[in-house]
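Accompanying notes for the structure given below.
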Amino acid sequence: MSTETAFPPGRPLGPDFFARSPDRVAPDLIGKVLWSPGVGGGRLTEVEAYLPMDDPASHAARGPTRRNVAMYGRPGTIYVFLSYGVHYLLNLVTDREGVASAVLIRAMEGLEDGRAGDGVSYCGPGRLGAALGIRPELSGLPLGPESGVYVIDDGSRPRVGITTRVGITQGAALPLRYYASDSACVTRRSAIQGGT
DNA sequence: TAAACGATTAGCT
DNA sequence: GCTAATCGTTTAT
């Protein structure tokens with residue numbers, strides 16, 4: 001991961017961008033630059049939406065708990081949780097405050113033009129979290145200076161594909177995973193064509 | 001208080 | 001393709 005500290009070109013996304021339903025926000029996140037000062041970043045290639053209603057896979061499906069409280073926060077809030085006791089996964093909270101929804105950030109492609117990152121891709125939510133130094137203390141903080149995590153729109157508009165989510169048992173049939181069609185940095189590519 | 005369970009990944013067959 | 005690693009959260013006694 002690069003130690004580049006220069007802010008990448010483009011417009012940092014704030015609460016306005018995230019103040020929509022997660023299935024609307026998620027496809028728009030593909031191609032955006034996820035970046036942290038002094039750490040690096042990359043272009044998002046795969047995300048998943050977790051809905052506020054009728055989504056049994058959401059951590060908030062059974063109401064607020066100690067863990068998922070950040071999902072009820074303002075749009076643009078960070079939600080981090082420990083997966084399998086091993087990996088810290090990064091989510092971005094969407095929709096209005098009080099409505100529990102989020103987008104799981106699953107993969108990013110390192111930039112190769114020196115603007116951010118080092119050209120190395122991080123495919124898979126656990127790897128991505130480790131690469132960005134995602135910690136549980138970030139949960140509940142907003143994107144921006146407080147968390148040191150930024151999402152930047154640099155005008156890139158990649159073609160976006162839609163398929164089913166990964167690693168869940170309930171709500172597994174819902175098409176809520178969004179990915180960059182032309183990227184190799186997408187997990188479980190085999191699940192996309194056949195569908196099983 | 002106890003037990004079960006993951007929004008995963010690496011390593012081995 | 002299959003499984004161990006690993007630990008905080010959740011759910012059940």
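First the proteins, then the strands, lettered A, B, ... as listed; each starts at 1.
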Please confirm whether the ring centroid of A/His59 lies under 6.0 Å from the ring centroid of A/Tyr50.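 No.
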| message | Heavy-atom nearest nucleotide on DNA chain B for A/Gln170 versus A/Thr187: which residue maps closer to 5'? | response |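 Here A/Gln170 is the residue nearer the 5' end.
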Whether each nucleotide of nucleotides 5-13 of chain C has a protein heavy atom under 4.0 Å at its base (B), only at its sugar-phosphate (S) or at neither (-) is summarised, 5' to 3', as -BBSSSS--
Open item on the list: When you group the ILVMFWY residues by side-chain heavy-atom contacts below 4.5 Å and let the links chain together, are A/Leu51 and A/Val93 in the same group?
Closed with: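 No.
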A/Tyr150: which residues meet the ring pair (Phe, Tyr, Trp, His ring centres under 6.0 Å) condition with it, sequence neighbours left out?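 Here the qualifying residues are A/Phe7, A/Trp35.
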| field | Under the ring pair (Phe, Tyr, Trp, His ring centres under 6.0 Å) test, residues paired with A/Phe17 that sit two or more places apart | value |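 So A/Phe17 forms no ring pair (Phe, Tyr, Trp, His ring centres under 6.0 Å) with any residue.
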Could you work out, with side chain to side chain contact (heavy atoms under 4.5 Å, CB included) as the rule, every residue matching A/Ser139, not counting sequence neighbours?
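Partners of A/Ser139 under the side chain to side chain contact (heavy atoms under 4.5 Å, CB included) test: A/Ala70, A/Tyr79, A/Val80.
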**Message:** My understanding is that only residues two or more places apart in sequence, or in another chain, count here; which of them pass side chain to side chain contact (heavy atoms under 4.5 Å, CB included) with A/Pro27?
**Reply:**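 Applying side chain to side chain contact (heavy atoms under 4.5 Å, CB included) to A/Pro27 gives A/Val160, A/Tyr178.
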- [ ] Could you grab the distance from atom CG of A/Leu34 to atom CD1 of A/Ile152, nearest 0.5 Å is fine?
- [x]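 One finds 8.5 Å between CG of A/Leu34 and CD1 of A/Ile152.
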Under 3.5 Å: donor-acceptor pair, side chain of A/Arg127, backbone of A/Cys123 =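 Yes; at least one donor-acceptor contact below 3.5 Å.
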- prompt: Are the side chain of A/Asp118 and the backbone N or O of A/Gly110 linked by a donor-acceptor pair below 3.5 Å?
  reply: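 Looks like no, no N/O pair under 3.5 Å.
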Got more than 12 heavy atoms from elsewhere within 6.0 Å of CG, A/Asp54?
->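 For A/Asp54, atom CG is not crowded (no more than 12 foreign heavy atoms under 6.0 Å).
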- prompt: If we take the P atom in both B/dA2 and C/dT6, what is their distance in whole Å?
  reply: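 It comes out at 23 Å once rounded to the nearest Å.
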DNA chain B in dot-bracket form (Watson-Crick or G-U pairs under 3.5 Å, [ ] crossing, | inter-strand) is ||||||.|||||.
- Message: Counting only heavy atoms and a strict 4.0 angstrom limit, can you tell me which residues of residues 48-58 of chain A come near DNA chain B?
- Response: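 Nucleic-acid contacts, sorted: A/Tyr50, A/Ala57.
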- Sorted by number, the residues of residues 19-33 of chain A with heavy-atom contact under 4.0 Å to DNA chain B: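 Here the set is empty: none.
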Next item on the list: Hey, could you give me each pair passing side chain to side chain donor-acceptor pair (under 3.5 Å) that has a residue in residues 88-106 of chain A? Not counting sequence neighbours.
Entry: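 For residues 88-106 of chain A, and leaving out neighbouring residues, the side chain to side chain donor-acceptor pair (under 3.5 Å) pairs sorted by first residue read A/Glu46-A/Arg106, A/Thr94-A/Ser101, A/Arg106-A/Thr187.
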| What side chain to side chain donor-acceptor pair (under 3.5 Å) pairs are there with at least one residue in residues 7-16 of chain A, not counting sequence neighbours? |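 Matches after skipping sequence neighbours: none remain.
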(request) Sequence neighbours left out, what passes side chain to side chain donor-acceptor pair (under 3.5 Å) with A/Arg165? Give chain and number order. (result)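 Side chain to side chain donor-acceptor pair (under 3.5 Å) check on A/Arg165 returns A/Asp55.
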Item checked: Sugar-phosphate only, base, or nothing, as touched by A/Leu104 at under 4.0 Å among non-hydrogen atoms ->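 Counting heavy atoms under 4.0 Å across all strands, the contact made by A/Leu104 includes a base.
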**Prompt:** So what does A/Arg165 hit on the nucleic acid, given a heavy-atom distance under 4.0 Å: a base, only sugar-phosphate, or nothing?
**Reply:**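 Counting heavy atoms under 4.0 Å across all strands, no contact is made by A/Arg165.
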(message) When you compare the side chains of A/Glu109 and A/Ser183, does any donor N or O come within less than 3.5 Å of an acceptor on the partner?
(response)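 Distance-only check passes for A/Glu109 and A/Ser183.
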Do A/Lys32 and A/Asp154 sit within salt-bridge range, that is, some charged N less than 4.0 Å from a carboxylate O?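 Here A/Lys32 does not pair with A/Asp154 in a salt bridge, since their nearest N and O are not under 4.0 Å apart.
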Q | For chain A, the stretch of DNA chain B it reaches, first to last nucleotide, under 4.0 Å of its heavy atoms | A |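 The contact span of chain A on DNA chain B goes from B/dG6 to B/dA10.
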